[in-house]
Amino acid sequence: MRKTVVVAEDDSLIRMDLVEMLKENEYDVLGEAKDGLEAVELALRHTPDILLLDLKMPFLLGTNVAKILKEKEYKNCIIMLTAYSVENYIKEATEYDVSGYLIKPLDEKILLSQMDLLYKNYSEKIKLKNALELSERKLKERKMLEKAKGILMCKYSLTEDEAYTKIRKISMEKRISICQLSEIINTTGELL
């Protein structure tokens with residue numbers, strides 16, 4: 001599957017080379033930015049799979065672009081390009097969810113293999129994060145149900161199975177989720 005990319009690089013020759021290199025290697029280039037303000041605008045408008053972002057650009061540094069995108073809850077892969085290997089830039093970029101750093105000048109094979117690797121790592125991180133969030137949500141819902149069953153068991157002298165059956169029956173009759181009904185029971189201490 002072809003990946004989409006926005007290239008943000010202030011040097012027009014480097015930007016042209018990057019765009020051509022990416023297009024020749026089955027990337028869809030959705031936009032080109034020559035400064036940090038354009039990078040923010042294009043990233044938010046197109047939401048590419050990868051934002052290839054130069055560190056030193058007019059108007060906004062790449063780290064500030066990444067910071068703005070994080071605040072706007074931008075969720076895609078950001079790869080920083082730089083001629084500088086300065087540790088504080090790397091640390092700052094990491095705080096803003098930058099997936100990795102590539103040092104210029106860029107050899108085509110190295111650029112493409114590193115981009116693929118960084119994108120794969122980013123994708124795996126997102127899958128793990130989503131799985132964790134799903135597990136946490138299910139655990140929270142389970143705890144709410146257990147608490148609601150406990151309330152019904154105490155208040156109406158029901159067994160655990162009877163309390164669950166009652167919650168399930170009302171959930172189906174009223175067409176609300178068991179989770180929503182559990183929350184109502186936990187909040188009010190009673191059944192509808």
Side-chain angles (χ1 to χ4, degrees), residues 1-19 21-23 25 27-106 110-141 143-144 179-180 183:
M1 187 169 86
R2 294 175 68 98
K3 290 184 230 33
T4 58
V5 64
V6 165
V7 177
E9 166 64 61
D10 65 321
D11 185 307
S12 58
L13 290 176
I14 294 174
R15 188 173 64 248
M16 254 179 23
D17 285 346
L18 285 170
V19 168
M21 195 185 312
L22 293 167
K23 285 180 177 178
N25 288 281
Y27 282 86
D28 289 328
V29 178
L30 301 178
E32 301 175 38
K34 61 184 173 295
D35 61 55
L37 294 174
E38 286 180 4
V40 170
E41 191 267 325
L42 290 173
L44 293 174
R45 182 181 346 142
H46 295 295
T47 58
D49 296 321
I50 299 170
L51 172 60
L52 209 50
L53 180 63
D54 188 23
L55 173 64
K56 297 270 187 167
M57 288 189 297
F59 302 116
L60 287 172
L61 289 175
T63 50
N64 288 328
V65 171
K67 179 181 181 180
I68 291 167
L69 292 175
K70 182 176 182 178
E71 288 172 3
K72 299 242 180 227
E73 297 184 12
Y74 181 81
K75 300 289 184 201
N76 294 5
C77 181
I78 300 172
I79 299 174
M80 194 78 71
L81 300 173
T82 183
Y84 312 95
S85 179
V86 181
E87 190 175 319
N88 60 336
Y89 284 132
I90 294 170
K91 185 178 178 184
E92 187 177 1
T94 304
E95 290 174 25
Y96 303 131
D97 296 334
V98 171
S99 298
Y101 250 89
L102 299 177
I103 306 295
K104 295 187 278 186
L106 300 162
I110 293 173
L111 169 73
L112 296 170
S113 65
Q114 290 298 314
M115 279 181 62
D116 283 343
L117 179 63
L118 290 169
Y119 184 74
K120 284 177 186 172
N121 287 343
Y122 163 81
S123 298
E124 284 301 311
K125 177 182 152 188
I126 293 302
K127 284 180 192 173
L128 290 172
K129 183 179 176 186
N130 290 341
L132 178 62
E133 287 172 358
L134 178 63
S135 295
E136 288 173 344
R137 188 175 72 245
K138 285 185 175 187
L139 179 60
K140 180 182 174 188
E141 290 172 0
K143 285 180 178 179
M144 285 183 3
C179 182
Q180 290 172 313
E183 193 171 12

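Residues Leu112 and Tyr27 form a side-chain contact, since some pair of their non-hydrogen atoms from C-beta on lies under 4.5 Å apart. For the pair Arg45 and Leu30, the minimum side-chain heavy-atom distance is 4.5 Å or more. For the pair Glu9 and Leu52, the minimum side-chain heavy-atom distance is 4.5 Å or more. Contact of the Val29 side chain with the Val6 side chain is not registered, since no non-hydrogen atoms from C-beta on lie closer than 4.5 Å. The side-chain heavy atoms of Asp49 and Asp28, taken from C-beta on, include no pair separated by under 4.5 Å. The side-chain heavy atoms of Leu44 and Tyr74, taken from C-beta on, include a pair separated by under 4.5 Å. The shortest side-chain heavy-atom distance between Leu102 and Leu118 falls under the 4.5 Å cut-off. Side-chain atoms of His46 and Thr4, non-hydrogen and from C-beta on, never get closer than 4.5 Å to each other.
Residues Arg15 and Asp54 are not paired through a salt bridge, judged by the lack of any N-O separation under 4.0 Å between the basic side chain and the carboxylate.
Remark: Glu183 CD is loosely packed, at most 12 non-hydrogen atoms of other residues, nucleotides or ligands lying under 6.0 Å away. Other residues, nucleotides and ligands contribute at most 12 non-hydrogen atoms within 6.0 Å of the NZ atom of Lys67.
Annotation: side chain to side chain contact (heavy atoms under 4.5 Å, CB included) contacts of Lys120 (sequence neighbours excluded): none.
Residues Gly36 and Val65 approach most closely at O-CG2, 3.5 Å, considering heavy atoms.
Put simply, the side chain of Glu38 gets close to the backbone of Lys34: a donor and an acceptor are under 3.5 Å apart.
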Return a table of donor-acceptor pairs under 3.5 angstrom between the side chains of residues 128-140 and protein atoms on other chains or two or more places apart.
unit_1 : atom_1 : unit_2 : atom_2 : d
Asn130 : ND2    : Ile126 : O      : 3.4
Ser135 : OG     : Ala131 : O      : 3.1

I'd like a table of donor-acceptor pairs (distance under 3.5 Å, sequence neighbours excluded) in which one partner is a side-chain atom from residues 56-64, with atom names and distances.
unit_1 : atom_1 : unit_2 : atom_2 : d
Lys56  : NZ     : Tyr89  : OH     : 3.2

